[in-house]
Student: 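So that we are looking at the same thing, I have put the structure below in structure tokens.
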Amino acid sequence: MLSGHMEHRYDPSEIEPRWQRVWAEERTWQVSNDAFDGESSYVLEMLPYPSGEPHIGHLKNYSVGDAVAHFHRRTGRRVLHPMGYDAFGLPAENHAIKTGQHPRESTQQSIESFRRAFHALGMSIDWTRELGTHEPSYYRWTQWIFLQLFHAGLAYRKEAAVNWCPNDATVLANEQVVGGRCERCGAEVEVRQLEQWFFRITDYADRLLDDLATIEWPEHVKTMQRNWIGRSEGAEVVFRCEEVGVDYPVFTTRPDTLFGATFFVMAPEHPDVERLAAGTGQEEEVHRYIAHALTASKEDRGAADKPKTGVFLGRHVVNPVNGERLPMYVADYVLLEYGTGAIMAVPAHDERDFAFAQAYDLPVRRVIEGGDELPYAGDGTLVNSHPDFDGMPNREALGAIVDWLDREGKGHASINYRLRDWLLSRQRYWGCPIPVVHCQQCGVVAVPEEQLPVVLPEIDDYQPKGRSPLAAAEDWVATRCPSCGRPARRETDTMDTFVDSSWYFLRYCDARNHQAAWDPAVINRWLPVDQYIGGVEHAILHLLYARFFVKALKDLGHLDADEPFQKLFTQGMITRDGAKMSKSKGNVISPMPIVERYGADTARAYVLFIGPPDQDADWSDTGVEGMHRFLGRLWRLAAGAAQTLPDEPVPASPGADGLRVLRKAHWAIEKVTNDMAGRFAFNTAIAAVMELINEVTTEKRGDAEPGAVRFALATAASLLFPFAPHVSTDAYHLLTGRRVWEEAWPSADDRFLESDTFELVCQVNGKVRDRVDAPTGASDADLRALAREQPNVQAHIDGKDVVKEIVVPGKLVNIVVRG
RNA sequence: GCGGGCGUGGCGGAACUGGUAGACGCGCGAGGUUUAGGUCCUCGUGGCCACCUGGCUGUGGGGGUUCGAGUCCCUCCGCCCGCACCA
């Protein structure tokens, strides 16, 4: 017997640090930026936001990434696999407000616990590229990128109605407002008119949309981005208010329904509304309505099923297609942000306009046939429109009407986007300073590049006051204009942290470059990221912003890539009893105690084994123990075999029954390789290694060849290495004296995958009645005859007419009988 | 409302182009090792019936295509996620 119970004990607390030391001392995972003949690969997990301790989602994210990195290395690629920290942001600042501890301190503590975790988990990271986005050596280049965009007109300042969180006392990007509330603190968001900094991401709307076709991302993520960009094709049509002599263009996707317009509606925020009502006798009522509409929260106003309200403005516009006078209304179902902030209302063919018309007793005119009742939004033939268009299918009429508008100068084809420019300024302390100066003479002046970084000053009071806490650092704020030299004041807003994380993957490529953000030759060697891995929660924000940055930087000549992330993998959440883990529920599982108790390998392999990594999975304490048992079994078998089995050559041919374990080993190689290369099926890959180990256990009781058993165990260790690197390394080393990470990924020998016989499934009328070993090369006729011979098959066809026989070579025979 | 995804044992989940449903693991049951517990090892484990070879049934419900359906088609039900008055 070669198993030992007591003599070989699996001790991860000894094995794991021992190999981690080797990897650290030999800088095993460090990778050079030099030109390289072979294939390179950039494997990247979303960098952690260092707030508190790592949680179970981090364990899963980085276990997936490390498995991919290892697999890429062992299949012959040079792999860039770096790590860093997204360290600026509100949680650290809020913590500072509460405790008085400097955000840098609490952030640093958290970074250290993340770094300790990555080391304890044995992640194969190139530590020479480590970065924190809060370090001046990093944000110097964040500021540099800002200036590149500023000089190119892609970063600009404007006064706008912006989202304001009263609790965090800062503005928010549209993307950070969820259901009318601040995504961080949950406070109801207000609308304020403020002068803010924006990135002109809308210039890139079409490319951000079109290039989705070139990247290999999950379809649902692409769909979310498409919806977010929200491209609509239609027309801009000019309605003139002759009473005041002003043209009001509207955007519509349905110019085919222009003849059905019966009124006109403007958003309450529209700057002209009060002016229009002035002198009409409606001004009082309009004023009250607007005041009410503007104080209502976004959420209250946003509900689609809310009853429609509005007020007559006392004015009219002329419908350009037929000269009709349409009454103008102000109503809060029209949004200022979308289109022109005004709409033509076609109640017969739009649900919202219909509801409004019903509420205010406005006329409804059908101009498209179809549907049982109004409103009807479908296709049909034009009626009640104009002799030139009546009788036309509406799709056709749509083009014809736009052409007509264009010729008459009353409108033109137009495209509208839901996407807004990215509001990047924040009135908070713990962020990257915006590198500009405000000068009375020269206006907004960029800080010269050689003066970067503009270092975040030290302050005592982090309390938000509606202006940036930086304004309190008077010595810092007071400066000289780089252009005219006169006294000037620094910009006191800081950047949204999403700016920091929109380019960190670029800095990794050349992280220690002090002369530039990166060397273009180096960055082009690595980009785009081959495999990006992270949570779906970043499907819109981070991923869209990063794509915008890369496209803009390409246009400015700083790099060649069109897209940052060629492949994206979004991992599912780990739940506890089906519920999301959260501190408030007290059901949080922390990865580090698991690592301390069972070892890093158990923790890593378990989160990959629990289910398909892109799906949510439920945590099970006993499941972890199962993984620990399996790794222990593997290690003990390897240690036992290394000690007691002679190191004989591996049998070179499949042989007979005694070599089933050898065939199983090659089967496992094939299975694991396919699971890794084709998709991220780590759960079934690990299951295949378990099957192989089970086969070794079974085989051991027979008279297996020692060489075959050793080979099977070494193969199991080799295949398991990406998921449980320490125990695999140790087992492989015990068996072979070699280092598994230096070994090429195994490849299956076809001769061992084939077999002389297979199990023939014998069906009668589609039901399995027997199974029998059949020779692999047997003819269809032979298989049919063999199936018919089986006693239980006979019992079911006896006395009946055989209608048909279906043979699936190598698989089954189905005999169809009647009677 | 629009868009995306999902539904398989007590549980997590397997099943490539239609071809042995339930791999692998957890849990559970029986046995062995052990002074005992734990560890470790062996066997069993969808349900119902027969319990010896076997039979029936079973992948959310109903219907269809097929020699054969978890897989394809229609229909209904349920759950999850994203967006939501976007003109």
Student: Could you check whether A:Arg679 gets within reach of a base, just the sugar-phosphate, or nothing at all, counting any heavy atom under 4.0 Å?
Tutor: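 The answer is sugar-phosphate, as A:Arg679 gets under 4.0 Å only of primed atoms, P, OP1 or OP2.
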Student: Taking NZ, NE, NH1 and NH2 as the nitrogens, is one of them in A:Asp247 or A:Lys410 under 4.0 Å from a carboxylate oxygen of the other?
Tutor: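 Looking at A:Lys410 together with A:Asp247, the answer is no, because their closest N to O distance does not fall below 4.0 Å.
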Student: What does A:Gly626 touch in the nucleic acid at a heavy-atom separation under 4.0 angstrom: a base, only the sugar-phosphate, or nothing?
Tutor: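 The residue A:Gly626 makes sugar-phosphate contact but no base contact.
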Student: Paired with B:rG3 by Watson-Crick or G-U wobble geometry, both distances under 3.5 Å: which nucleotide is it?
Tutor: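 Its partner is B:rC81 (Watson-Crick or G-U wobble, both distances under 3.5 Å).
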Student: To the side chain of A:Ala687, which of B:rA23, B:rC26, B:rA87 is closest?
Tutor: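 In terms of side-chain proximity for A:Ala687, the closest of B:rA23, B:rC26, B:rA87 is B:rA23.
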Student: Applying a 4.0 Å non-hydrogen cut-off, can you work out what A:Ile610 is touching in the nucleic acid: base, sugar-phosphate, or nothing?
Tutor: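 Here A:Ile610 touches the backbone only, sparing every base.
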Student: So A:Pro791, base contact, sugar-phosphate only, or nothing? Heavy-atom distance under 4.0 Å.
Tutor: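 The answer is nothing, as A:Pro791 stays clear of every strand by at least 4.0 Å.
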Student: Looking across every strand, which nucleic acid part, if any, lies under 4.0 Å from A:Gln763 by heavy atom: base, sugar-phosphate, or nothing?
Tutor: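 Counting heavy atoms under 4.0 Å across all strands, the contact made by A:Gln763 includes a base.
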Student: Using the side chain to side chain contact (heavy atoms under 4.5 Å, CB included) rule, take A:Arg226 and A:Leu209 through it: C-alpha gap first, then chi angles, then the decisive distance, then the call.
Tutor: CA-CA 6 Å; A:Arg226 269 186 213 110; A:Leu209 202 58; 3.6 Å; yes
Student: Mind checking if A:Arg629 touches a base, just sugar-phosphate, or nothing, with heavy atoms under 4.0 Å?
Tutor: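 Sugar-phosphate, no base atom in range.
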Student: Using a 4.0 Å heavy-atom cut-off across all strands, classify A:Asn814 as base, sugar-phosphate, or nothing.
Tutor: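 Base, at least one base atom sits under 4.0 Å.
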Student: Sticking with atom P, work out how far B:rC24 lies from B:rU42, rounded to a whole angstrom.
Tutor: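 B:rC24 and B:rU42 have their P atoms separated by 13 Å.
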Student: How would you label the contact of A:His349 with the nucleic acid (heavy atoms, under 4.0 Å): base, sugar-phosphate, or nothing?
Tutor: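 Since no nucleic acid heavy atom lies under 4.0 Å of A:His349, the category is nothing.
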Student: Base, sugar-phosphate, or nothing: which does A:Asn416 touch, judged by heavy atoms less than 4.0 Å apart?
Tutor: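 No contact.
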Student: Look at A:Lys671 together with A:Glu691 and state whether they make a salt bridge at an N to O cut-off of under 4.0 Å.
Tutor: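 Salt bridge absent between A:Lys671 and A:Glu691.
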Student: Decide, for B:rG62, between syn and anti: a glycosidic angle within 90° of 0 counts as syn, anything else as anti.
Tutor: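 Here B:rG62 takes the anti form, which means its glycosidic angle is more than 90° from 0.
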Student: With rounding to whole Å, what would you report as the distance between B:rU57 and B:rG63 at their P atoms?
Tutor: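 The answer is 15 Å between these two P atoms.
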Student: Quick one: which of A:Val364, A:Thr257, A:Asp256 gives a side-chain contact (heavy atoms from CB on, under 4.5 Å) with A:Val346?
Tutor: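 The side-chain contact (heavy atoms from CB on, under 4.5 Å) with A:Val346 is passed solely by A:Thr257 among A:Val364, A:Thr257, A:Asp256.
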Student: Please confirm whether the ring centroid of A:Tyr329 lies under 6.0 Å from the ring centroid of A:Phe356.
Tutor: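 Ring-ring flag for A:Tyr329/A:Phe356: true, centres closer than 6.0 Å.
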Student: For A:Asn694, which contact category applies under a 4.0 Å heavy-atom criterion: base, sugar-phosphate, or nothing?
Tutor: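 A:Asn694: backbone/sugar contact only, no base atoms under 4.0 Å.
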Student: Once you apply the 3.5 Å cut-off to both distances, tell me the Watson-Crick or G-U wobble partner of B:rG31, or none.
Tutor: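 By the stated definition (distances under 3.5 Å), B:rC41 pairs with B:rG31.
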Student: For B:rC74 and B:rC83, measure between their P atoms and round to the nearest Å.
Tutor: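 Nearest-Å result for B:rC74 against B:rC83 at atom P: 29 Å.
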Student: For the C1' atoms, the ones on B:rC26 and on B:rG64, what distance do you get once it is rounded to whole angstrom?
Tutor: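 One C1' to the other, the span is 39 Å.
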Student: Identify whether any heavy atom of A:Asn792 sits under 4.0 Å from a base atom; if not, whether one sits that close to sugar-phosphate; answer base, sugar-phosphate or nothing.
Tutor: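 Sugar-phosphate, no base atom in range.
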Student: Students often get this wrong, so: under 4.0 angstrom with heavy atoms, is A:Glu759 touching a base, only sugar-phosphate, or nothing?
Tutor: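 Base, at least one base heavy atom under 4.0 Å.
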Student: Just name whichever nucleotide pairs with B:rG25, Watson-Crick or G-U, keeping both distances under 3.5 Å, else none.
Tutor: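 Partner of B:rG25: B:rC11.
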Student: Watson-Crick or G-U wobble partner for B:rC16, using a 3.5 Å limit on both distances?
Tutor: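 Base-paired to nothing in any strand shown.
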Student: Under a 3.5 Å cut-off for both contacts, is B:rC51 paired Watson-Crick or G-U wobble with anything, and if yes, with which nucleotide?
Tutor: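 None - no nucleotide pairs with B:rC51, as no candidate has both distances under 3.5 Å.
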Student: What class does the angle between the rings of A:Tyr338 and A:Phe251 fall in, given that below 30° is parallel, 30 to 60° is tilted and above 60° is perpendicular?
Tutor: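 Taking A:Phe251 first and then A:Tyr338, their aromatic rings stand perpendicular (interplane angle over 60°).
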